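Input: a single structure, listed below in structure tokens.
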2 protein chains.
Amino acid sequence: MARWDPGAQERLTEAALDLYLERGYDNVTVADIAERAGLTRRSYFRYFADKREVLFPSAERLPEIVREAVLAADPAAAPLAAVLDALHQVGAQVAEHVDHANAARRRAVIDTSAELQERERSKSAAVAAAIDEALRQRGTGPGTAALVAQVGSVVLGLAFRRWVKSDAAGFSAGLYAVVDDLRASLDDAGTTAHLDPAGTPPPEGLQRRGCAPFSPPRE
Amino acid sequence: MARWDPGAQERLTEAALDLYLERGYDNVTVADIAERAGLTRRSYFRYFADKREVLFPSAERLPEIVREAVLAADPAAAPLAAVLDALHQVGAQVAEHVDHANAARRRAVIDTSAELQERERSKSAAVAAAIDEALRQRGTGPGTAALVAQVGSVVLGLAFRRWVKSDAAGFSAGLYAVVDDLRASLDDAGTTAHLDPAGTPPPEGLQRRGCAPFSPPRE
DNA sequence: ACAGTTGATGACACCGTGTGTCATCACTCA
DNA sequence: TGAGTGATGACACACGGTGTCATCAACTGT
């Protein structure tokens with residue numbers, strides 16, 4: 001493998017994934033990764049910002065994709081509806097372009113390292129930020145936009161997890177399963193609240209939209 | 001300030017917060033913090049695991065508090081209702097024990113550093129994990145527990161942000177405002193979906209619980 | 001064919017984080 | 001007064017991350 005062999009970045013990602021799985025994330029140095037890829041430590045940092053970034057190659061474009069999907073959703077749709085709609089579109093792209101086997105290996109590595117989970121959450125937060133921005137561009141209020149964006153990001157993350165875990169099912173199936181759960185949870189919570197017979201309202205002003213507190217207050 | 005002066009940890013937290021605000025997080029070294037606190041770099045790491053941890057002193061006990069609050073909620077309540085109820089209880093403790101002025105200063109620092117935001121998300125994730133565990137202990141299914149836990153964590157985070165931002169309002173007010181937003185968003189999204197006149201259902205099995213897709217499909 | 005240019009790489013030095021290890025100091029208790 | 005205990009300082013070290021410059025291959029124009 002000569003000095004200018006092409007595909008340096010790909011070699012690095014493969015070497016890193018292999019080594020992280022073999023020895024565990026903490027027992028691998030950047031020098032190890034670079035050596036296996038036929039490069040030096042310094043060159044690794046020309047491709048990736050740090051030791052963690054090598055595991056999140058496709059996460060770079062995701063926020064932009066999500067933002068455009070949200071902006072492309074029906075302008076008349078409610079914020080959450082627009083976001084879920086957009087995630088459906090995004091899911092198709094993701095399932096198509098992401099290698100399922102490698103995604104599963106990445107998940108295995110990430111699940112063993114708190115440091116990597118921390119980084120993964122940053123990627124998820126970047127998606128949330130993109131949704132938030134797109135929603136506000138659609139005219140959604142700041143508070144609602146922030147909330148719906150984070151919920152959307154959570155839903156996407158859980159759906160992606162389901163997709164990775166099950167070899168067979170498509171991405172959409174997982175997405176719908178999560179959204180189903182979300183709808184059911186909120187229906188149940190709402191139902192419980194509404195049925196509250198003698199609910200003493202909590203201190204500050206609630207009761208807007210005719211909602212009782214979250215659950216019958218205990219005493 | 002002699003070698004064995006008491007309150008070393010408090011001196012470190014104050015020194016760190018001051019320095020981070022004065023020079024910016026990246027322009028402060030652990031040695032700087034330790035020096036201002038009258039200690040050495042090595043001693044700093046005996047009190048805090050790393051350079052970031054010094055900004056999250058009260059986050060250590062939070063997961064346990066939240067877990068217990070969820071377990072203490074009405075066993076008959078739906079998962080989300082139990083969580084929101086628990087967060088209401090937790091909010092009271094937080095607003096009481098956390099110094100509002102310092103919380104605002106911490107927020108200012110965190111908002112300037114991606115590294116610190118990453119760590120903050122980890123704290124939030126720890127809360128989500130605690131909720132998740134408590135919910136499953138209550139008998140909630142794994143998928144629903146994970147989803148509701150993350151949504152609850154998001155709600156708590158946003159409510160805490162509102163509490164820090166507004167000097168006057170109590171924590172509960174922010175919490176209720178966020179929950180109101182959540183209810184409204186889901187009502188709106190559900191409404192839109194249900195009113196969809198000629199909605200072509202998306203590929204895989206949806207329509208469970210009588211719900212149409214998120215929004216009228218575009219072409 | 002040849003020289004200049006461009007871009008990727010290696011070599012090296014450097015700073016800061018985080019940790020292991022041991023000596024040192026103050027305080028406590030018998 | 002002397003042993004023990006716990007917090008601290010001193011020192012060394014591995015590793016992450018960065019700036020800088022030299023080097024080498026490939027491309028470009030003449």
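What you are looking at is a predicted structure, and each value in this text was computed from that prediction instead of being measured. Throughout, a chain's letter reflects where its sequence line sits, starting with A, and its residues are numbered from 1.
We find that CZ of Arg41(A) is positioned 15 Å from C1' of dT9(C), with the value rounded to whole Å. The separation between Glu35(B) atom CD and dG16(C) atom C1' is 16 Å, rounded to whole Å. Atom CG in Asp32(B) sits about 8 Å away from atom P in dG16(C), given to the nearest Å. Between Glu115(A) atom CD and dC15(D) atom P there is a gap of 14 Å when expressed in whole angstrom units. The CZ-C1' distance, from Arg42(A) to dT20(D), rounds to 9 Å in whole Å. Summarising the geometry, the separation between CG on Leu12(A) and P on dA8(C) is reported as 14 Å, rounded to the nearest angstrom.
Within 6.0 Å of the CD atom in Glu60(A), the count of heavy atoms belonging to other residues, nucleotides or ligands does not exceed 12.
Between the side chains of Ser185(A) and Asp188(A), no donor-acceptor pair of N or O atoms lies under 3.5 Å.
Only at 4.0 angstrom or more do the heavy atoms of residues 18-26 of chain B sit from any atom of DNA chain C, so none qualifies. Taking a 4.0 Å limit (strictly below) on heavy-atom distances, residues 43-54 of chain A reaches DNA chain C at Ser43(A), Arg46(A), Tyr47(A).
Between Thr13(B) and Tyr47(B), the closest side-chain pair of non-hydrogen atoms is not below 4.5 Å. Residues His88(B) and Tyr176(B) meet the side-chain proximity criterion, which asks for heavy atoms closer than 4.5 Å.
Note on Ala8(A): only backbone sugar-phosphate atoms sit closer than 4.0 angstrom, heavy atoms only; bases stay farther off.
Because its NZ or CZ atom is not both nearer than 6.0 Å to the ring centre of Tyr20(A) and within 45° of the ring axis, Lys51(A) does not count as a cation-pi partner of that residue.
Listed here is the closest heavy atom pair of Phe171(A) and Leu156(A): CZ-CD1, 3.7 Å. Between Leu84(A) and Leu175(A), the closest heavy-atom pair is O-CD2, 4.4 Å.
With Asp18(A) as the partner, the side chain to side chain donor-acceptor pair (under 3.5 Å) test is satisfied by one option alone out of Arg36(A), Arg23(A), Arg105(A): Arg105(A).
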